[in-house]
Every structure is written in C-alpha cells, then in structure tokens.
2 protein chains.
Amino acid sequence: MEEDPIQPESPPTALDIVRTRSLASLVSQELEAMILSGALPAGERLNEQQLALRLGVSRGPVREAVRGLERSGLVVSVRNQGSYVRSVSATEALEIYDLRAALTGLACARLAGTATPAQLAELGALVQRMEAAWAADAATEYYAANLDFHAALLQGGGPRGQRLYEDLGNELHLFRRRALVEPQNMRESNAEHAAILAAIAAGDALAARAAGEAHIAGGKRRFQSTDASRPAALAQNAASPRRRTRRSA
Amino acid sequence: MEEDPIQPESPPTALDIVRTRSLASLVSQELEAMILSGALPAGERLNEQQLALRLGVSRGPVREAVRGLERSGLVVSVRNQGSYVRSVSATEALEIYDLRAALTGLACARLAGTATPAQLAELGALVQRMEAAWAADAATEYYAANLDFHAALLQGGGPRGQRLYEDLGNELHLFRRRALVEPQNMRESNAEHAAILAAIAAGDALAARAAGEAHIAGGKRRFQSTDASRPAALAQNAASPRRRTRRSA
DNA sequence: CTGCGGCAAACTGTTGACAGCCTGCACTTG
DNA sequence: CAAGTGCAGGCTGTCAACAGTTTGCCGCAG
C-alpha cells in the first residue's frame, strides 16, 4: 500500500486531492475565486487557451469549468465569440436582494423552531464579534463575521437554501465587489442581527422571519443609498458582453 | 446565400439553430429533457460514450453538458466513476417546497403592485382553463395550465426568481415524476389559484404573498399526504449513487 | 478623406486518441 | 468451500490537433 488507510489524515493537504477532485472542478473553483476577487472583472472576456496556459492545463477542463459557471450565473457565453464574466444590472441586483430576503426570512423562521443552544451561542458570539469589530472600526473583520453569521443562519434553514443563498451572494459580488460597510451601516446592520437572534431565541417564527427579511431589506436600502442609484455605476455595470477586443499578447 | 436574411422566419426550425447554439447546449437541453421525462430515472448512471453515440456527437460536448447539469443540481459526479442522475430525498423535496413557497410569495407580492390588465386577464384565463380541465377530469390539461399559471406568476416577479423557480421545480421532478393531481386536489388547488389572483387584482401585496405561500404549502401538504410519507417511496428515492453496474450492452 | 472589400490571424467548437483508474470475473490457495 | 489475488475489459480524465468562424487590419476605389 502506498498509503496507510488506518490513521485518519485530518488535513487533506496531499496529492490525494488529485485523486478525488477532477481538474475541471479545480479550475472551476479557481475561476470562481478569480471572478469574485475581482481579478476577472465583470464584462471581462475569458480566453480559453490563455486561461489553460495560465493554469497549466488543457482547454478541455477549462471549457467544462466555464460551462458550469455559466449555469451558476457567473458567466455568459456566445457561440463562436467567447465567454464573458456576467455583468449584473442594477435592477437585477435589486431583485437578488429581494430573493435573498425571502430566503433569509425562511431560514430564520425555521431556525426559530429548531435552533439548538449551541447554534444560539454561535450566533450570539458572532453578533458580539461584529460589535467588537464595529467598536474597533475593523471593516474587514466585520465583513467576515457578517458572512459567517448569515451562513450560520442559512445553515439552519436547509442545505439547498444555503447553496441558493451563496450563489445569489456571488452574483451580487459581480455588481459591486464588496458592500460598502460604513461605520453607521455596521451599527445599524448589527442591531438588526441582534433582533434576528432575539426572535429566534424566543422561538417566535413569525418575528424571526420578519426580522430576517427586514435585515436584508435594510441592506438593500443601504446599498441603494450608497451606490446603485448613481447612474455612473449603473451604466458601467449594465454593460453587455462587448465585442471582442484583440489583446496585444 | 443559402438563406434569405430579409424575411423573418418565425419558426426557428432550421439548421441555423446550429449556427447560434453550440452542440453542448443542445446536448444539455436534450439530457435535461431525458431526465425530466423519466427516460433517465433518478440514480441512473450516465455513460458518456454511450450518450455521445446515441446523440451523434463526440464526448466533449456531452461532458460539458453534464458539467452544466451538475451545477444546476440535476446530476452528481464522482471522479473516475461517472455521473448519476441526482436522487432527491424526501427531506430535500420538502425543503424545495418551502423555497418555492417563499419565491412564489415574493413574486405574488410584487405582482400585486405591478400587474397590468393584460397580465390579470392572462391569469384569469388560465384559472378558467384549469376549472374547465377539472370539470372534464383532464389531468394532463390541468397540469399544463397549472405550469403556465405558475410561470406567469413568477414572470411578474423577475427573471432571476423565475429561473430559480424552474430549477427547483426540475429538482422536484426528480423525486416524483409528476405531482399526482387527483380531482379533489385539482379543485382545492385551483381555488387557491383564484385566491391568489383576487389578491393580486385587488393590489393587496400582503394578501397576495400570503395566498401564494399558502398555495405552495397546500401543494406540499397534498404531496405529503399522497406520497412522501410512504417509507417505500422514501427508501427508493433516497438511494445514493450506487456502485457501477456493468451493463450488458 | 471616407467607405468598402479582401486577407490573415486568432480563437472557439469539435473530434479522435492515449493514459490511468475502477470494476468484475476467474483462478488459485488455505 | 471460502477468501484472497491477478487479469482483462470498459470507462473516465486529459490532451493535442483540425476545421470553421469571427475579427481586426490593410489596401483600394470613389
């Protein structure tokens, strides 16, 4: 045996990753990270052989990955013309907020009936972490804790809804790299978090749902007031897949 | 020229489809139809070269299509082992019902504020069509009209939510080919349709939302009472991707 | 100077082929 | 007779190459 099957290796950091994940899935993961990090901005053309060369693989896996990303809404493709990082319009962004509100409300309502003490403690710790981040004016820390909080919320709602929520969040990232978290917004947002947690802890499904929806609606409002209504951002982000532009090598 | 570009051919039934759609997208469409029609039942293994041979294409487009279907939740893949039509468990099916309820409620609420007379007329016509189908005991006719009704509902909610709803509906089809529409259920279901329409026509967003959610919840209840709670169906549909089974050609 | 037509480069779409892995059967051995 | 082992077959994962199309540029005519 080349590997001892008895002792469990907790860190999957080995080349047995290669044994379980296909190249296409790894490329997909990498491309998704590139898109969400902004390395591949919205509207950017995806050159297959260039990506293949850069990632050290053939064009086959790249094409498969792109096809998957197309289905998940991060990429749009036109035959014989190429694939482009999807541009999300302002109206689409607003709709996505509504969808996320509905999903969050559902998850909160369910969580109000099924939450374990451990889950409540976890949510409470995250709220405190965000409170501390606000006090320290640590935007990135707040951002991370906020992501965790929402993930924990959705985790209680069900696996399918969780994946849906993540996908929608990714699409939103295409419009604006990161939601602007101003100090005032942080405070307001975290107050809503606390309200959600309180309703869940009280076991009040209706109130939890309303609080969850109100929180996302608040995020939508904050988003609108800072960015979306500006025509500049609108015009910039509503750009359709433009004509191919020859790259100078 | 082999084709006159002046006169607009309303039916796109030509081989210029080949000029706009890639083989991979056509294969994806075909596979999706096969899965939803039951020609490829849940748990079925997808043999790439067999599918390629059957569809008259190479394995490349088939692989790309399968990758897309994997992202949309219809297929699961295991490296070096193959792809399988996804099996949806009973609990997942119930969660999907909840998600669809939230989406439908959202669409109804928005529609209550934005519905045009034409949209209202269309919805009313569909309700009448279903009423007639119920009177004639025409299950398939009712089924089709029901699909149209919900599509029209979601269309008013936004394009993104519509696609989401369709995807979730497809996943539900994986659990049970078609929701059993018994005469009693048809009557009950269509009464809920009428309630939705009334709330939308009245412009009452809250009532419309509640009616929309109640309708899907009713469908979930009807689904549970007829099928899901039966342990047989549960065991059959919860099957995981099983070991490869050699096919006798 | 402007509009048009042809040409060449690049890129996508598709195919066929090769290597590695898993599976299942048959044989051997205790 | 049961359990383990070697072997052949099939299938997936990946790659390299070919054909078709689109695109951008250059030259030419008006």
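In what follows, every chain begins at residue 1, and chains take the letters A, B, ... in the order their sequences are listed. Every heavy atom of this structure was used, including side-chain atoms; hydrogens, water molecules and symmetry mates were not.
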With the side chain of [X] defined as its heavy atoms from C-beta on, choose the nearest nucleotide among [options].
X: Arg45(B); options: dG13(D), dT23(C), dT12(D); value: dT12(D)
X: Glu64(B); options: dT22(D), dT14(C), dT14(D); value: dT14(C)
X: Val57(A); options: dT14(C), dT23(D), dC15(D); value: dC15(D)

Centroid separation under 6.0 Å, is that true for the rings of Phe175(B) and Phe223(B)?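 Yes: the rings meet the under 6.0 Å criterion.
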Does [X] put a side-chain nitrogen or oxygen below 4.0 Å from OP1 or OP2 of [N]?
X: Arg59(A); N: dA16(D); value: no
X: Arg79(B); N: dT14(D); value: yes
X: Asn47(B); N: dC11(D); value: yes
X: Arg63(A); N: dT15(C); value: no
X: Gln49(B); N: dC11(D); value: yes

Arg71(B)/Glu70(A) ion pair, N-O < 4.0 Å: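 Glu70(A) and Arg71(B): not salt-bridged.
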Salt bridge flag under 4.0 Å for residues Glu92(B) and Arg160(A):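 Salt bridge absent between Glu92(B) and Arg160(A).
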Base, sugar-phosphate or nothing for Gly60(A)? Non-hydrogen atoms, less than 4.0 Å.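 No contact.
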Would you say that more than 12 heavy atoms from the other residues, nucleotides or ligands in this model lie under 6.0 Å from the CZ of Arg163(A), or not?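 Yes, the 6.0 Å shell around CZ holds more than 12 heavy atoms from other groups.
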